[in-house]
Structures are given as C-alpha cells and as structure tokens.
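Note that the structure is a prediction, hence the values are computed from the model and not measured.
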Amino acid sequence: GTITVNATQVELNAGTINASTGGPGGAGVIHINATDRIALTNRAIIASASENLLSDAQGNGGTITLHAPQINISGGALISSSTTGPGNAGDVVLETQSLIMSGIGTQGGRVITNTQGPGQGGNTTVQGLEGPESAAEVVQLTHGSLLLAQTIGGLTGEEGNAGSIHVQAATLVLDGFSQLSTAAEDSAGGAGTVIVDATDSVHLSGGSSITSNSAGASFGQAGDITITSPTIGLKGASFISTSTEFVGNAGNIALHTQALSLTESSQLTSNSGPQLFPEFPSGAAGSVTIQNQGSPSQSVLIDGAGSGIFT
C-alpha cells in the first residue's frame, strides 16, 4: 500500500521505509512531505522494488517522492528504486530548495535506480518545491555521493533501459569523487540521458564526474549528456564523459554555456573502447558540442597539463 508521511521534520537514522511488490499488483507510492527538513543518515534506506524475476507478473514499483525545503542524505544513506522483472521500477522525485548529499571519506549519500529485468529503470528528478519546471536553489554532492541510474545484465538477457537523471537547480556542485551517472553494464538495455539545467552555475571538483557509459558486453547505447548553465567549471581531475566498450554507441555531450573552464587535468571525453570480440564491431564515440543557447560561447578556458577535450 501507499506510505505517506506528513511532518515538520522527518529523520531516518539507520531506519528503513520500504514498499515492494512480487506480484501483479503495483508497489505502493512513498510520499514524504516535511515543512522544514528531511534527513537520512547512517545508512538509512527508502526503497521501492518490483521483484518479479521468476514470474510474468507485471507489478510496477512505486514512485518515491520527497518534498521539503531542505533534504539531507548522508553517511551512506540510500534511496533506491529497482526492478528484477517485467514490471517497471518507480521514479524518484526530490522536490526541494536545498539538496545536500554528504558523508565521511567517500561514504556519501546515494540515490540509485536500477533494472536487472525486462522492466524499465526509474527516472530520477531533482526540482524545486513547485514541481516540474521549478528549480532547487542548490544541489550539492560531496564525499563520493551518487545519483545513479543503471541497467545490469546477467539475469534474463532481456534487460530494460536504465532511467534518466534530470537536475533543475540554480547551482549544482559536485566535489570529492561525487557522481551523476547513467550506465549499462553487460545489458541489453541502454543507459539513460543526463540533463542538468542550472540557472547560475555548475561546478565539479576533486575527481567528480558526470557520465553515461555502456560497459562490458552491453548491446545498449550510452545516453546523451546535456548541461545548460551560464557558467560550467571543472577542476581537480574532474570529468564529463560518455563511453562504450561494445556494440552500443557512446552518447553525445552538449554543453550550453557562456563560459566553460577545464583546469587541473579536467576533461570532456567521449570514447569508443577496444573491440572485445571480432564478430562484434565496437560502437562509435559520441560528439562533444560547446556553445551558448543559439550563439557561440563567450569563453572556453583549457588550462594545465592533462586538461582537454577528447574523442
């Protein structure tokens, strides 16, 4: 059934909220609404699952929605939406003014959507309190925090596509090996798209990344990455990349910006890996495009050994 929580503050410290289905009926929706703050800490879990691998049951996972002015996900806490059968995984929607994902070392917060069956993976959306088309003020990921949408092969050979990631914010900050990523791992399905709409700036540092990959023996494509922001800056060996290791093509990278800087060995890359099997030619690398909305960018700075744009 549906799980609904309405409160001033909601805190999960190593606790769990779970809605799942193993039959034809859908999993319940999880909706958590706080007028002040939602905090997940110490490996707390909010999860929705469609677990139908060994049956023809079509039950879908339920949508997970968190709505609060402040959302904090830290210390290995996890929001998870998954499917292992024909039912689709539910979407994850975070509506907030401030999303902070952090931790200690590389034990940050995690939001993961996943399919290992024919069902489609869920989409992840970060947006403002007014819903679609509104933007959060700040989205900040540190300490190895992760937004990940993936499709993983090996169970059915008929895996669905991974979901997409869409972040709408004034400012997006990734630091300390944090990631926005869509991925296909040995899967028949493709990786989803990554879209970032930031009205102020996008900053990546400390080895952080925005990626879409088709890895291993994946037949699916990697997804496209589209980032729109007046200022986009990468430093400290950070990178934005798409790649393929098998027959699927790597996705395209499009940066719509007035000013781009790549410093301290930071890179934009789209790669086609070595051919794994002679009978399966490798997919093509994607294109990399940098321009403002409808006009040339004003400034593109590439500074330092190892910094650059590569395909």
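- Between S201 and A198 the shortest heavy-atom distance is O-CB, 3.7 Å.
- Heavy atoms only, all atoms of each residue included: A136 and V139 are closest at CB-CG2, 4.1 Å.
- With a 6.0 Å radius and a threshold of 12 heavy atoms from other residues, nucleotides or ligands, Q293 has its CD atom above the threshold.
- In plain terms, the two heavy atoms of N213 and A191 that are nearest each other are O-CB, 3.8 Å.
- A search for side chain to side chain donor-acceptor pair (under 3.5 Å) contacts involving E137 returns nothing, not counting sequence neighbours.
- For the pair I240/L234, a side-chain contact is recorded, criterion being any heavy-atom separation below 4.5 Å from C-beta on.
- Judged by distance alone, with hydrogens and angles left aside, the side-chain atoms of T182 form a donor-acceptor pair with the main-chain N or O of G192 at under 3.5 Å.
- Judged as a side-chain contact (heavy atoms from CB on, under 4.5 Å), and not counting sequence neighbours, the contacts of Q291 are H256, T289.
- I165 and I112 sit in two unconnected hydrophobic clusters of ILVMFWY residues. Membership requires side-chain heavy atoms under 4.5 Å apart, directly or through other members.
- L66 and L12 fall within a single hydrophobic cluster, where Ile, Leu, Val, Met, Phe, Trp and Tyr side chains are chained together by heavy-atom contacts under 4.5 Å.
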Apply the test side-chain contact (heavy atoms from CB on, under 4.5 Å) to residues L255 and L260: give CA-CA distance (whole Å), side-chain angles for both, the deciding distance (0.1 Å), then the verdict.
CA-CA 9 Å; L255 305 186; L260 169 68; 4.0 Å; yes

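- Distance check: S261 OG to D303 CG gives 9.0 Å after rounding to the nearest 0.5 Å.
- Taken from CG in N6 to CG in N33, the straight-line distance is 5.0 Å, to the nearest 0.5 Å.
- For D36, the side chain to side chain donor-acceptor pair (under 3.5 Å) test picks out Q9, with sequence neighbours left out.
- Residue pairs meeting the salt bridge (Lys or Arg N to Asp or Glu O under 4.0 Å) criterion with at least one member in residues 160-179, sequence neighbours excluded, do not occur.
- Side-chain atoms of S307 and S266 form no donor-acceptor pair, as typed in the model, at a separation below 3.5 Å.
- For the pair T211/F239, a side-chain contact is recorded, criterion being any heavy-atom separation below 4.5 Å from C-beta on.
- Between L301 and L262 the shortest side-chain heavy-atom distance does not fall below 4.5 Å.
- Taken together through direct or relayed side-chain contacts under 4.5 Å among Ile, Leu, Val, Met, Phe, Trp and Tyr, V10 and I30 form part of one hydrophobic cluster.
- Residues forming a side chain to side chain donor-acceptor pair (under 3.5 Å) with N42 (at least two apart in sequence, or on another chain): N13.
- The two residues A170 and T199 make their nearest non-hydrogen contact at CA-OG1, 3.2 Å.
- Annotation: side chain of L172 is in contact with side chain of L180 (closest heavy-atom distance under 4.5 Å).
- A donor-acceptor pair under 3.5 Å is formed between the side chain of T257 and the backbone N or O of P230.
- A donor-acceptor pair under 3.5 Å links the side-chain atoms of N161 to the main chain of G190, judged by distance alone.
- Of all heavy-atom pairs spanning F177 and S208, the tightest one is N-OG, 3.4 Å.
- Counting only distance, with no hydrogens or angles, the side chain of E264 and the backbone of G304 share no donor-acceptor pair below 3.5 Å.
- For A162, the side-chain contact (heavy atoms from CB on, under 4.5 Å) partners two or more places apart in sequence, or in a different chain, are T151.
- Looking at S145, its side chain does come within 3.5 Å of a backbone N or O of T142 through a donor-acceptor pair.
- Side-chain contact between V29 and I64 is absent, with no heavy-atom pair separated by less than 4.5 Å.
- No donor-acceptor pair closer than 3.5 Å links the side chain of T115 to the backbone N or O of G121.
- For residues 222-241, the set of pairs meeting the side chain to side chain donor-acceptor pair (under 3.5 Å) definition, not counting sequence neighbours, is empty.
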When the side chains of residues 93-111 are checked against the rest of the protein, which donor-acceptor pairs come out under 3.5 Å, sequence neighbours left out?
{"residue": "E95", "atom": "OE1", "partner": "H67", "partner atom": "ND1", "Å": "2.8"}
{"residue": "E95", "atom": "OE2", "partner": "Q127", "partner atom": "NE2", "Å": "2.9"}
{"residue": "T96", "atom": "OG1", "partner": "A68", "partner atom": "O", "Å": "2.8"}
{"residue": "T96", "atom": "OG1", "partner": "P69", "partner atom": "O", "Å": "2.9"}
{"residue": "T96", "atom": "OG1", "partner": "S98", "partner atom": "N", "Å": "3.0"}
{"residue": "T96", "atom": "OG1", "partner": "S98", "partner atom": "O", "Å": "3.0"}
{"residue": "Q107", "atom": "OE1", "partner": "R43", "partner atom": "NH2", "Å": "3.0"}
{"residue": "R110", "atom": "NH2", "partner": "G76", "partner atom": "O", "Å": "2.6"}

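- Side chains of V92 and T125 form no contact here, defined as non-hydrogen atoms less than 4.5 Å apart.
- Placement of I227 and L204 within a single hydrophobic cluster is found when ILVMFWY residues are connected by side-chain heavy-atom separations under 4.5 Å, directly or transitively.
- In this structure the side chain of T244 never reaches within 4.5 angstrom of the side chain of N249, judged on heavy atoms.
- Judged by distance alone, with hydrogens and angles left aside, the side-chain atoms of S81 form a donor-acceptor pair with the main-chain N or O of G90 at under 3.5 Å.
- Looking only at distances, a side-chain donor or acceptor of N252 sits under 3.5 Å from a matching main-chain atom of S287.
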What verdict does the side-chain contact (heavy atoms from CB on, under 4.5 Å) test give for L40 and I79, after you've listed the backbone C-alpha separation in whole Å, the side-chain angles of each residue and the deciding distance to 0.1 Å?
CA-CA 9 Å; L40 282 65; I79 297 175; 3.9 Å; yes

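- Contact record, T8 with T35: CA-OG1, 3.3 Å, taken as the closest heavy-atom pair.
- We find the CG-OG1 distance between D91 and T63 to be 5.0 Å, quoted to the nearest 0.5 Å.
- With sequence neighbours left out, I195 forms a side-chain contact (heavy atoms from CB on, under 4.5 Å) with H166, T193, D197.
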Apply side-chain contact (heavy atoms from CB on, under 4.5 Å) to the pair I32 and T65, showing each step before the final yes or no.
CA-CA 6 Å; I32 302 176; T65 302; over 6 Å; no

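- At a threshold of 4.5 Å between side-chain heavy atoms, the hydrophobic network of Ile, Leu, Val, Met, Phe, Trp and Tyr places L78 and I17 in two separate groups.
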Could you please spell out the steps behind the side-chain contact (heavy atoms from CB on, under 4.5 Å) verdict for S297 and Q258?
CA-CA 5 Å; S297 297; Q258 297 174 14; over 6 Å; no

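- Between T113 and N123 there is no side-chain heavy-atom pair separated by less than 4.5 Å.
- By the side-chain contact (heavy atoms from CB on, under 4.5 Å) test, S134 pairs with E130, sequence neighbours left out.
- For S270, the side chain to side chain donor-acceptor pair (under 3.5 Å) criterion is met by T242, not counting sequence neighbours.
- Separating the CG atom in L147 from the OG1 atom in T124 is a distance of 6.5 Å, to the nearest 0.5 Å.
- Proximity of a side-chain donor or acceptor of S299 to a complementary backbone N or O of A259 within less than 3.5 Å is not detected.
- Partners of E11 by salt bridge (charged side-chain N to carboxylate O under 4.0 Å, His left out), not counting sequence neighbours, listed by chain and number: R37.
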